[in-house]
Student: 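Okay, handing you the structure first.
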Amino acid sequence: TVTNTASTTTAPERLQAVADASGADVWSAGVSYELSRSYSAYFSYSESYVPQNNLFDFEGNVFAPLMGSGYNYGIKYALLQDRLMGAVQGYTVERKNVLQPDPDHAGKSVPSGNDASQGLEIRMVGRVNKAWQISANYGYVDAKVTSDPTRPQNVGLVPVNTPKHQASVWNRYAFNEGVLKNFSAGLGVVFMGDRRGTGTLPILEAYTRIDASLQYRTKLLGKNTSVACGLNNLADANNIVSQTSLGDPRSIRVTVRTNF
């Protein structure tokens, strides 16, 4: 005998649950101090409230909103006549009512309680010359589940799909003269570290993805127009984005944009 327990919550009850989970007051504040022309320090506090009323568990119950609070603090810099800009930032975040994939029912979620994290982010944008620009990002996070009403054994573990390390680098070169004038090319690398999974996929393995792009700017019927070709995952690397989805294989995407 198969029983569909998803019908145990009636439509009116579900709508009322949605209404109850759709509003809150959140706060944010921050301060910045200019240490010199090249450096400034900042500190901020913020809260977040994200309704999850479009998601239901296997029994049809609406989830409580995802709520969080945290601090950001760091240094911003602009060096070499603003040719090198970026920031080094630390943060601490606490979240409540976090969801994770339901290991027993594909496509559904279960509440996984609360988690806390602290980390470091480094961002940089540099102009090697008028044509060549480089941007790079690195992130480190130390995150732990602090409570889990569904599976208490998860307390102390890293939250699902949370990498300790991730990084990316992107190069863009714009040709401003010669036969390649109005062309630009890009090449980048994305790294995603190991992450904790659930159920039959306990570890989401690290991956490195290489992307590239080629763009041409011109005029079409007197209107500014661009034609872009995006080359994604050049090495056709296996990249598991989350517990329930794989990243795209090697692919090409062509787009044309014009202003009317």
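Computed over heavy atoms, backbone and side chain alike; hydrogens, waters and symmetry mates excluded. For reference, positions follow the sequence shown, starting with 1. What you see is a predicted model, and the numbers here were worked out from it, not measured in a lab.
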Student: By the side-chain hydrogen bond (donor to acceptor under 3.5 Å, both in side chains) test, which pairs, at least two apart or in different chains, include something from residues 232-241?
Tutor: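 Matches after skipping sequence neighbours: none remain.
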
Student: Under 4.5 Å between any side-chain heavy atoms of Thr225 and Tyr216, yes or no?
Tutor: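 A side-chain contact under 4.5 Å is absent here.
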
Student: Go through Val190 and Trp170 one step at a time and tell me if the side-chain contact (heavy atoms from CB on, under 4.5 Å) criterion holds.
Tutor: CA-CA 9 Å; Val190 175; Trp170 182 257; over 6 Å; no

Student: Do any N or O atoms from the side chain of Glu47 and from the backbone of Trp27 form a donor-acceptor pair under 3.5 angstrom?
Tutor: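 Checked: pair present.
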
Student: What is the minimum heavy-atom distance between Asp194 and Ala206, and which atoms define it?
Tutor: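 Smallest interatomic distance, heavy atoms only, reads OD1-N, 2.7 Å.
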
Student: Can you tell me if Ser38 uses its side chain to pair, donor with acceptor, with the backbone of Ser36 under 3.5 Å?
Tutor: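 It does not hold such a pair.
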
Student: Please set out all donor-acceptor pairs under 3.5 angstrom arising from side-chain atoms of residues 90-97, sequence neighbours excluded.
Tutor:
residue	atom	partner	partner atom	Å
Arg95	NE	Asp115	OD1	3.1
Arg95	NE	Asp115	OD2	3.4
Arg95	NH2	Asp115	OD2	2.7
Asn97	ND2	Pro65	O	2.7

Student: Write down the atom of Ala185, the atom of Leu214, and the distance for their closest heavy-atom approach.
Tutor: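 Scanning both residues completely, I find the closest heavy atoms to be CB-CD1, 4.2 Å.
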
Student: Tell me, with the steps shown, if Ser28 and Ser46 meet side-chain hydrogen bond (donor to acceptor under 3.5 Å, both in side chains).
Tutor: CA-CA 4 Å; Ser28 65; Ser46 61; over 6 Å; no

Student: Between the side chain of Ser32 and the main-chain N/O of Tyr42, is any donor-acceptor distance below 3.5 Å?
Tutor: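 No: the side chain of Ser32 does not pair with the backbone of Tyr42.
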
Student: For Tyr173, what residues pass the ring-ring contact (aromatic ring centres under 6.0 Å, His included) criterion, not counting sequence neighbours?
Tutor: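 ring-ring contact (aromatic ring centres under 6.0 Å, His included) check on Tyr173 returns Phe175.
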
Student: Report the hydrophobic cluster partners of Tyr207, with the cluster defined as I, L, V, M, F, W, Y residues connected by side-chain heavy atoms closer than 4.5 angstrom, directly or transitively.
Tutor: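 For the cluster that includes Tyr207, the remaining residues are Met192.
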
Student: Tell me whether the count of non-hydrogen atoms from other residues, nucleotides or ligands lying under 6.0 Å of CD in Gln153 goes above 12.
Tutor: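 For Gln153, atom CD is crowded (more than 12 foreign heavy atoms under 6.0 Å).
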
Student: Look only at the side chain of Arg196 and the backbone of Val158, and say whether a donor-acceptor pair between them is shorter than 3.5 Å.
Tutor: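 The answer is yes, because a donor-acceptor pair under 3.5 Å joins these two groups.
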
Student: Determine, stepwise, if the pair Lys219 / Asn224 fulfils side-chain hydrogen bond (donor to acceptor under 3.5 Å, both in side chains).
Tutor: CA-CA 5 Å; Lys219 284 187 177 294; Asn224 291 328; 2.8 Å; yes

Student: What are the two closest heavy atoms between Val26 and Ser48, and how far apart are they?
Tutor: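 Scanning both residues completely, I find the closest heavy atoms to be CG1-C, 4.0 Å.
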
Student: Determine which pairs satisfy side-chain hydrogen bond (donor to acceptor under 3.5 Å, both in side chains) with at least one residue from residues 131-144, sequence neighbours left out, and list them in order.
Tutor: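 Listed by first then second residue: Trp132-Asn171, Tyr138-His165, Asp142-Lys144.
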
Student: Is it the case that over 12 heavy atoms from other parts of the model lie below 6.0 angstrom from the CG atom of Leu80?
Tutor: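 For Leu80, atom CG is crowded (more than 12 foreign heavy atoms under 6.0 Å).
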
Student: Would you call Arg257 and Gln215 a side-chain contact if the rule is heavy atoms closer than 4.5 Å?
Tutor: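 With C-beta onward as the side chain, the pair stays apart.
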
Student: Given 3.5 Å as the limit, does a donor-acceptor pair link the side chain of Arg195 with the main chain of Val241, or not?
Tutor: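 The answer is yes, because a donor-acceptor pair under 3.5 Å joins these two groups.
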
Student: Give the minimum heavy-atom separation between Pro111 and Asp148, together with the two atoms involved.
Tutor: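 Minimum heavy-atom separation between Pro111 and Asp148: O-OD1, 3.8 Å.
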
Student: Any side-chain hydrogen bond (donor to acceptor under 3.5 Å, both in side chains) pairs touching residues 66-84, not counting sequence neighbours?
Tutor: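 Passing the test, one end in residues 66-84: no pairs.
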
